[in-house]
Participant: 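Dropping a structure here in structure tokens format, bear with me for questions.
Index from 1, following the sequence. Worth knowing before you read on, the calculation uses all heavy atoms, side chains too, and leaves out hydrogens, waters and symmetry mates. The structure presented is a predicted model; accordingly, all values stated were derived computationally and were not measured. Whatever order the structure lists ligands and atoms in, that order sets their numbers, starting from 1.
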Amino acid sequence: MKMGSKWRLVAIATLVLAALTLVACGGDDDDENGDEAAVEVEQFPANTTMGKIQEAGEIRIGVKFDVPPFGFNNPQTGEVEGFDVDLGRYIAERLGVEPVFREATSDNRIPLLVDGTIDLILSTMTITEERDLEVDFSEPYYVANGDILVPEGSDIEGIDDLNGQRVCTALGSTYQETIKKEAPDADLRLIDRYSECLELIQTGAIDAISTDDVILTGMVVEDETLEILGIEYTTEPYGAGVPEGDTEFKQFVDATIAEFIDDGTWQERYDEWVGQYIPEEQRQGPPDITLKEALKLFPLE
Ligand code: GLU
């Protein structure tokens, strides 16, 4: 069913925007949400997910807490920050509600959505056919690539070299299966949080970490003695996860992501969280892959 397009300007959106800008920027530049003075907020029917979120006055969003460029619970500011967090704030603003960020790891993000603890997943989550059985995905909002992180001077040069080595990745991530397939003799260490992989490589307890390049970039920013191989061995389009079968909410999230891209916010947020840390020729623009195409990259086995 299509929503009636009864748009109205809600004064409170201006206040929410102002509050969010303060929270998100911590005094930095303050035009990250675009130049608008206020955002048009549509009032949704009470029986839709959007209407229920508006009634609650908040949207609960599952993000990573330890992946600095996308979702990071910054101990210095006490705020959660990153690209996924900014997209979450943008979506909340379009509903005229407060975003509440909950930690969602690779392994528990889908259960948290399915049991209703969170309303939306924005947690560096690759679109896969298997996950699509349990949640619905938005159109892709980011495309990461699989890569490998090693200590400087390591002999590991590619995926085959992971055989016989101690390799860390997150439980429940796409890499759990990919590494088993591509390097079956790797000694795989599956952990809950990527920050644990970082600690293990720093103490020499593992030889390599494999996951999305953006997550690895965050680790190199923290520790320059580590290096990314730059082999881009998988393509990992990220989707927002919404409850299975909630077509109206998916359409709302898709439309909001399209707006996030079209009004330039995507590029601005990308440059801030990822672009500034990588060479210019490797920087990217918004994804040009569709959900349908993304699903084919990780088909059901
Ligand atoms: N994007 C990959 C995945 O969804 C790796 C990052 C993560 O574990 O969240 O599995």
Participant: Given Tyr141 and Phe260, is the ring-ring contact (aromatic ring centres under 6.0 Å, His included) satisfied, shown in steps?
Facilitator: CA-CA 9 Å; Tyr141 67 87; Phe260 181 72; 8.1 Å; no

Participant: Should the heavy atoms of other residues, nucleotides or ligands under 6.0 Å from CD of Gln76 be counted, would the total exceed 12?
Facilitator: no

Participant: Regarding atom 3 (C) of ligand 1: of the candidates Lys64, Arg109, Arg193, Gln176, which has the closest heavy atom?
Facilitator: Arg109

Participant: Among all protein non-hydrogen atoms, which one is nearest to atom 10 (O) of ligand 1, and what is the separation to 0.1 Å?
Facilitator: Thr174 N, 2.8 Å

Participant: Heavy-atom contacts with Thr211 under 4.0 Å: which atoms of ligand 1 show up? List them by number with element.
Facilitator: 5 (C), 6 (C)

Participant: Please give me the minimum heavy-atom distance between Ser210 and Asp147, naming the atom from each residue.
Facilitator: OG-O, 2.9 Å

Participant: Would you call Arg166 and Asp207 a salt bridge, using N to O less than 4.0 angstrom?
Facilitator: yes

Participant: Is it true that Lys296 and Glu129 make a salt bridge, defined as a side-chain N closer than 4.0 Å to a carboxylate O?
Facilitator: no

Participant: At under 4.0 Å between heavy atoms, which part of Thr124 makes contact with ligand 1: side chain, backbone, both or neither?
Facilitator: both

Participant: For ligand 1, which atoms sit closer than 4.0 Å to a heavy atom of Arg131?
Facilitator: 3 (C), 4 (O), 10 (O)

Participant: Any nitrogen or oxygen of Tyr175, side chain or backbone, less than 3.5 Å from one on ligand 1?
Facilitator: no

Participant: Of the backbone atoms (N, CA, C, O) and the side-chain heavy atoms from C-beta on, which set of Ala144 has a member under 4.0 Å from an atom of ligand 1: side chain, backbone, both, or neither?
Facilitator: neither

Participant: Between Arg269 and Glu272, does at least one N-O distance fall below 4.0 Å, as a salt bridge requires?
Facilitator: yes

Participant: Closer than 4.0 Å to some heavy atom of Ser106 - which atoms of ligand 1 meet that?
Facilitator: 7 (C), 8 (O), 9 (O)

Participant: Heavy-atom distances under 4.0 Å decide this one: backbone, side chain, both or neither, for Ile215 against ligand 1?
Facilitator: side chain

Participant: Any salt bridge between Asp136 and Lys250, counting N to O under 4.0 Å?
Facilitator: no

Participant: So if I count the atoms of ligand 1 from 1 in the order they appear, which ones are less than 4.0 Å from some heavy atom of Met125?
Facilitator: 4 (O)

Participant: If I apply the N/O under 3.5 Å rule, does Asp212 come out as touching ligand 1?
Facilitator: yes

Participant: Give the atom numbers and elements of ligand 1 that come within less than 4.0 Å of a heavy atom of Ser123.
Facilitator: 9 (O)

Participant: Suppose I only count heavy atoms of Ser173 and a 4.0 Å limit; which atoms of ligand 1 are within that range?
Facilitator: 8 (O), 10 (O)

Participant: I need the Leu198 CG to Leu216 CG distance, nearest 0.5 Å.
Facilitator: 10.0 Å

Participant: Could you tell me, atom by atom, which parts of ligand 1 come under 4.0 Å of a heavy atom of Tyr238?
Facilitator: 1 (N)

Participant: Taking 4.0 angstrom as the limit, do Arg193 and Glu103 come out as a salt bridge?
Facilitator: yes

Participant: Within a distance under 4.0 Å of any heavy atom of Glu236, pick out the atoms of ligand 1 and give their elements.
Facilitator: 1 (N), 2 (C)

Participant: Whether Lys64 and Asp66 form a salt bridge (side-chain N of Lys/Arg under 4.0 Å from carboxylate O of Asp/Glu) is what I want to check.
Facilitator: no

